[in-house]
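Each ligand, and each atom within it, is numbered from 1 in the order the structure gives.
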Amino acid sequence: MTNSRKKAVETVVNREVIAPRIAGVKVSDYYASNVFNDTAMREYLSEDAYKAVKSAIKSGTKIGRDIADGVAAGMKSWAMKKGATSYTHWFQPLTGLTAEKHDMFFMPKGDGAVEVFSGDALVQAEPDASSFPSGGIRATFEARGYTAWDPGSPAFIMEIGEGKTLCIPTIFISYTGESLDYKAPLLKSSHFLEQAALPIVHLFDKDATRVTATLGWEQEYFVVDEALYYQRPDLMFSGRTLLGAPPQKGQQFEDHYFGTIPERVYAYMLDFETEAHKLGIPVRTRHNEVAPSQFECAPMFEEVNVAVDHNQLVMDLMERVARRHKLRVLLHEKPFAGINGSGKHNNWSMGTDTGKNLLSPGKTPKTNLLFLTFFVNVIKAVNENADLLRASIASANNDHRLGANEAPPAIISVFIGSYMTDVLNEIEKRVAKDKYDELTNANLKLDIHNKIPDVMLDNTDRNRTSPFAFTGNKFEFRAVGSSANCAQCMTVMNAIVGKQLIDFKVELDKLIKGGETKEGAIMRLLRQYYMDSKKVLFEGDGYSEAWEKEAKKRGLNNVKTTPYALDFFTTKKAKEVLVGTGIYSERELDARVDILQHSYSLKIDAEASILADIAINQILPAGLDYLNKLLANIKGLKDAGIAATSAKAQKELANEIAGHLNGIKTAVDKMVVAVEGTHKGKTTADHSKAYCDKVKPFFDVIRGHVDALETIVDDNVWPLPKYREMLFIR
Ligand code: ADP
Ligand code: MG
């Protein structure tokens, strides 16, 4: 082993468990202690200010200047009491990370200073936005973009070491009002969905005044030791291993899933959970995942806007707390070839303020019809907009996972389970095409009513290969990438379902006007929708080749790479659903696609240069080193007059190694030329497609040679920590 690799491995072997900071204390003692939540608001805000914030949260009413001053004063008192000395607008630009710019409360005054925080500072700020991606909306010379307070997500205090900062969740928009972040469109989509869903809810429940989209995410991740991480430039700069032969033992023994959690990782989990709990993030589940060194954490679901913020915060906490434990968390979708990648399951539903989950079957025929209405409309929405959903989860990282035989494929289909399939088949058979007959269908209502609630929760969640599965009281979108901002796909989800619900209501009203009963009209429409949507329903093994063939026959798209998946955002359909609904302006959507295409190119470009660097500067010398040893040996044998047959193995090895070294050098040279060639394209999309089609294929060629070398070159000269070291030493 090279000296530095050997040292790193020794370091890992000798690591002590770092005890979690808080142990043996009830979570309820500190839960949400760093959140400016309802309790804190009641304590620190005047009656008027409190009411204004509540109304802004509930119905989006504007908060006047005077009131804003009052809210800011209350927030400042609360934050200062907690030890915060500065504040920041916290936002989610399209870089995929969160952003913040800190300002201090203090202001010099006379000989000393005072702490100030005005309503203006709370409501709006102008970060120097010139370095955030804007897709051409804002030329860098007119750097103005601003962040605006989102009262729907509570302010919180971020603790970093001893430092404490009041963070105000905000949206980020250009000076001309275009969204430049993930959150502004998400908020619009939630509002749109609510407006579309309420009239339908009112057919069943007159008391509901709100419908909110709910999200419960499950976050998968890998953990590696810091010492090994630092020996892997590919992990450090691209988040994944670009090279590495498969370990002698992979995940084939299936012994990791739900196994005991290694102690160091367990301590780490406890620590980041504590930080999450202080921020009112309801993480409740932790377990080992399928691959070695892979884990998952999941919270209770929340309103989608807050859930998105909480997921971004958790990813941030996970990265920070990992360092305290001398670990690195890998949120990348596919850090290691040949073993499972990481996803972020998005459990999505809709709920009313009267406490109903619209995707949960009820206990009476009436509430079941409500459930069926939303259930079938979601299926229809996905059937018609599968391509938009595919585009919403596209990223260079996720391309390695979708369709790589252990993750849902790039084909979007819906799994509903055999029970719901039977229910829908019954409806198809027994509801008449032209008129709903209460008498003939009398039993139908009863059947549904009696069976759904009990059977379903147990029966739905068995197919893990579906990208979009009904799991008893919510749909689970499993194709989302582990490092993604959930907002992107949740925005599309809200949009397509909202649009579908509007279309449904129009058709329904027409039928009712024509003399049909409400119940009859709904049943017949649901029947029709089911029949129209069968193409997207699939109950079989989503990982199988047979499904790829079948999907093709059904006319379902199977777009495996991001630059082409993003094209779905530029279609007429996309404009209809995402622009026609007011969620994006045309310029915003175009800009967003441009940014996403550009990010793809940047990502592949970076990977290409890291790969070239490691291959030429680390792998070639290691290979040469061993090759020279072999050649010296061959020569030595010859000089000593030993029969040529005795050098047979050495010669074969030397030949193989020389072949791979040549292969690496040739492929790297060609790749560099291909990278230069990408600039010939005119549009951002041309560039990214060139990266995808012309540059990326060299990754596999180079990797093929390097990984083959890894298996034959002297372990003592191999520079990079091997898979077995990263995945199995703990
Ligand atoms: P799994 O078997 O996939 O781990 P769980 O039952 O643990 O499923 O639930 C996964 C996630 O689904 C959790 O975050 C949970 O809070 C969330 N969830 C449950 N009900 C809803 C809902 N109505 N809307 C959104 N998410 C929900
Ligand atoms: Mg799940």
Side-chain angles (χ1 to χ4, degrees), residues 31 186 189-190 193-194 197 201 208 210-221 256-259 261 269 273 276-277 280-290 294-315 340 342-362 367 370-371 374-375 377-378 382 406-408 414-417 420 452-453 455-480 482 484 486-487 489-491 493-494 497 542:
Y31 188 75
L186 176 70
S189 76
S190 295
L193 176 66
E194 173 166 39
V201 171
R210 294 215 60 194
V211 172
T212 42
T214 50
L215 164 64
W217 43 263
E218 301 163 55
Q219 178 74 51
E220 294 179 344
Y221 59 98
H256 193 255
Y257 193 60
F258 282 11
I261 300 169
M269 288 171 167
E273 287 162 4
H277 290 151
I281 305 171
V283 287
R284 290 193 67 206
T285 313
R286 62 175 100 92
H287 61 77
N288 283 9
E289 258 305 325
V290 174
Q294 190 189 26
F295 307 91
E296 176 182 305
C297 94
M300 287 260 300
F301 71 93
E302 299 174 284
E303 189 272 311
V304 65
N305 178 33
V306 176
V308 163
D309 282 2
H310 282 172
N311 181 241
Q312 290 297 118
L313 274 172
V314 160
M315 290 195 287
N340 277 11
S342 299
K344 174 148 52 200
H345 299 173
N346 277 212
N347 295 273
W348 176 91
S349 187
M350 295 157 282
T352 66
D353 57 345
T354 47
K356 282 198 184 68
N357 173 356
L358 297 176
L359 291 174
S360 177
T367 51
L370 171 74
F371 155 69
F374 281 91
F375 177 70
N377 271 290
V378 172
V382 176
E406 94 293 319
V414 182
F415 170 86
I416 58 173
M420 282 315 296
I452 294 181
V455 192
M456 213 152 40
L457 281 165
D458 291 338
N459 272 341
T460 46
D461 196 22
R462 297 303 163 239
N463 189 334
R464 292 254 152 211
T465 65
S466 175
F468 195 88
F470 181 63
T471 50
N473 55 3
K474 66 209 179 263
F475 279 95
E476 181 171 352
F477 192 15
R478 299 193 180 117
V480 188
S482 49
C486 300
C489 64
M490 291 292 100
T491 301
M493 196 63 220
N494 290 345
V497 173

Can a non-hydrogen atom of N357 be found less than 4.0 Å from any atom of ligand 1? yes
Does the plane of the ring in Y31 sit parallel, tilted or perpendicular to the ring in H277? Use 30° and 60° as the thresholds. tilted
Check ligand 1 against N347 and write out every atom of the ligand that is under 4.0 Å from a heavy-atom position of the residue. 10 (C), 11 (C), 12 (O), 17 (C), 25 (C), 26 (N)
Using side chain to side chain contact (heavy atoms under 4.5 Å, CB included), reason through T212 and V304 one step at a time and then give a plain yes or no. CA-CA 8 Å; T212 42; V304 65; over 6 Å; no
Using side chain to side chain contact (heavy atoms under 4.5 Å, CB included) as the criterion, point out the one residue from L359, D353, T352 that pairs with K356. T352
In the structure I gave you, are the side-chain heavy atoms of Q294 and S342 within less than 4.5 Å of one another anywhere? yes
Aromatic ring pairing Y221/F295, orientation class (parallel under 30°, perpendicular over 60°, tilted between): tilted
Hey, does F301 have a side-chain heavy atom less than 4.5 Å from the side chain of W348? no
Identify, by atom number and element, the atoms of ligand 1 in contact range of P299, meaning under 4.0 Å from any of its heavy atoms. 13 (C), 14 (O), 16 (O)
Taking only non-hydrogen atoms of S349 and a 4.0 Å limit, the atoms of ligand 1 in range are 22 (C), 23 (N), 24 (N)
Per-atom contacts of ligand 1 with M300, taking only distances under 4.0 Å to non-hydrogen atoms: 16 (O)
Proximity flag R284 to ligand 1, non-hydrogen atoms under 4.0 Å: no
Can you list the atoms of ligand 1 that are under 4.0 Å from a heavy atom of G216? 14 (O), 25 (C), 26 (N)
Could you tell me whether some N/O pair between E218 and ligand 1 is separated by less than 3.5 angstrom? yes
Measuring from the heavy atoms of A298, does anything fall under 4.0 Å of ligand 1? no
Do W217 and M490 have side-chain heavy atoms sitting under 4.5 Å apart? no
What about E296: any of its N or O atoms under 3.5 Å from an N or O on ligand 1? no
